[in-house]
Amino acid sequence: MHELSIAYNIVQIADDAAREAGVERVDAVHLRLGQLSGVVSEALLFGYDIAAQGTRLEGSRLEIEDVPVVIFCAQCRAERELESIQVFCCPECGTPSMDIRSGNELEIGYVEYSDEPAHS
Amino acid sequence: MWSTAMNPRILEIRKGVLEKNDVLAASLRERFRKAGVLVLNVVSSPGSGKTALLEVTLQRLLAQGYRAAALVGDLATDNDAARLARSGASVRQITTSGNCHLEAHMIGDHLRDWKLEVEGLDFLFIENVGNLVCPSHYDLGEDIRVVMLSVTEGEDKPLKYPPMFNSADAAVITKVDIADAVEFDRAQTITNINSVRPGMTIFETSAKRGTGIDAWIAFLIAQHDALKSPAAR
Ligand SMILES: [Zn+2]
């Protein structure tokens with residue numbers, strides 16, 4: 001269960017960025033998660049709620065964008081999306097490839113927050 | 001007009017979640033490179049025969065005049081470290097107290113506390129915690145990631161753990177002395193390894209009988225020598 005420690009990392013990075021930007025409350029964190037990252041979304045979402053407690057992210061949503069594995073096929077001279085991460089071959093021509101162009105992502109893209117209603 | 005006051009706003013971050021670990025691993029890697037020490041991160045399931053193979057590996061390297069040490073990641077007990085120390089190599093245990101993987105800061109901290117001069121080494125083996133999932137994310141500054149699997153584990157192991165097998169540079173199949181007894185499907189295992197990691201360097205070994213150890217040791221020495229060649233700079 002490394003998802004909990006990854007969730008703590010996400011919360012810490014987003015909380016630090018929010019503090020620096022003067023954002024008091026975060027509504028959502030947008031995460032890009034590659035299929036090769038080996039992180040299980042369900043476990044990460046569960047860990048996120050725990051990790052967010054007592055921070056600017058408490059009660060916020062973790063929005064996960066799944067990023068497929070894309071390899072470069074030397075035969076086709078083109079980027080190809082893998083059909084399965086069990087088979088690192090071009091789905092068009094079958095040529096094996098370890099030229100991985102995406103799919104290892106584990107990165108925070110942005111956070112969403114709301115403007116505080118103006119106090120009068 | 002207060003009802004329209006809540007406007008969603010975006011704050012760009014664009015940061016790797018494990019950036020801290022990656023930065024630390026990069027600085028370790030630079031230090032290892034300067035020292036001319038070949039660093040291996042060895043991953044496997046529990047019970048893969050990793051410790052037995054590393055014991056033989058350390059013995060052989062020491063016998064050939066190389067200086068080798070090992071850092072052993074362990075959940076609690078120090079059995080593996082004690083066993084490896086029998087080889088005569090310097091061995092230090094990293095107790096992870098339940099953590100399922102090693103991280104770069106643990107390697108840095110232990111090297112410091114150990115007072116081991118990496119400059120005086122040829123090989124440093126990092127025996128990761130027995131787990132084929134979690135260690136795959138964490139760069140430890142290694143040159144080579146080695147995944148070990150025993151003939152008892154079944155030919156579908158690589159297909160069950162693609163991120164780990166894909167991120168490895170070499171695979172070592174262990175306990176081949178009992179391959180027939182456990183009806184090990186050698187051809188299918190090799191096919192599956194190459195499916196998730198095309199071109200993987202594969203060794204088939206038995207620590208007990210000494211099978212395949214020569215090729216494995218020759219590979220390690222060649223990799224070590226390549227570090228020192230001008231082409232590696
Ligand atoms: Zn192709």
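So that the names make sense, note that chain A is the first sequence line, chain B the second, and so on, each numbered from 1. Only this structure's heavy atoms are used, side chains among them; waters, hydrogens and symmetry mates stay out.
- Checking side-chain atoms of Arg32(A) against main-chain N and O of Ile64(A) turns up no donor-acceptor pair under 3.5 Å.
- Side-chain contact check for Ser48(B) versus Leu149(B): every heavy-atom pair is 4.5 Å or farther apart.
- At a cut-off of 3.5 Å, with distance as the only test, no side-chain donor of Ser60(A) or Tyr113(A) sits close to an acceptor on the other residue.
- Gln53(A) and Asp49(A) share no donor-acceptor pair across their side chains, judged by distance under 3.5 Å alone.
- For Gln12(A), the part lying under 4.5 angstrom from a heavy atom of chain B is the side chain only.
- The candidate with the highest count of non-hydrogen atom pairs below 4.5 Å against chain A, out of Arg9(B), Lys20(B), Arg197(B), is Arg9(B).
- Using a 4.5 Å cut-off between heavy atoms, Val39(A) contacts chain B through both its backbone and its side chain.
- Neither the backbone nor the side chain of Phe165(B) comes within contact range of chain A, judged by heavy atoms closer than 4.5 Å.
- Of the listed residues (Asn166(B), Leu18(B), Asn194(B), Leu159(B)), the greatest number of heavy-atom pairs within a distance under 4.5 Å of chain A belongs to Asn166(B).
- In terms of heavy-atom pairs under 4.5 Å with chain A, the best-connected choice from Val133(B), Asn21(B), Leu11(B), Ile10(B) is Leu11(B).
- Heavy atoms of Ala21(A) lying under 4.5 Å from chain B belong exclusively to its side chain.
- With a 4.5 angstrom heavy-atom cutoff, Leu82(A) does not touch chain B via any of its atoms.
- Counted by atom type alone, Glu65(A) and His30(A) present one or more donor-acceptor pairs between their side chains at under 3.5 Å.
- Heavy-atom pairs under 4.5 Å with chain A were tallied for His137(B), His101(B), Met164(B), Lys160(B); the largest tally goes to His137(B).
- You'll find the side chain of Val23(A) stays beyond 4.5 Å of the side chain of Arg56(A), heavy atoms only.
- Within the 4.5 angstrom heavy-atom criterion, no atom of Ser84(A) approaches chain B.
- Of the inter-residue distances, the one linking Ser41(A) atom OG with Phe46(A) atom CZ reads 15.0 Å to the nearest 0.5 angstrom.
- Side-chain contact between Ile13(A) and Glu19(B) is absent, with no heavy-atom pair separated by less than 4.5 Å.
- Of the listed residues (Val40(A), Val87(A), Val29(A), Leu31(A)), the greatest number of heavy-atom pairs within a distance under 4.5 Å of chain B belongs to Val87(A).
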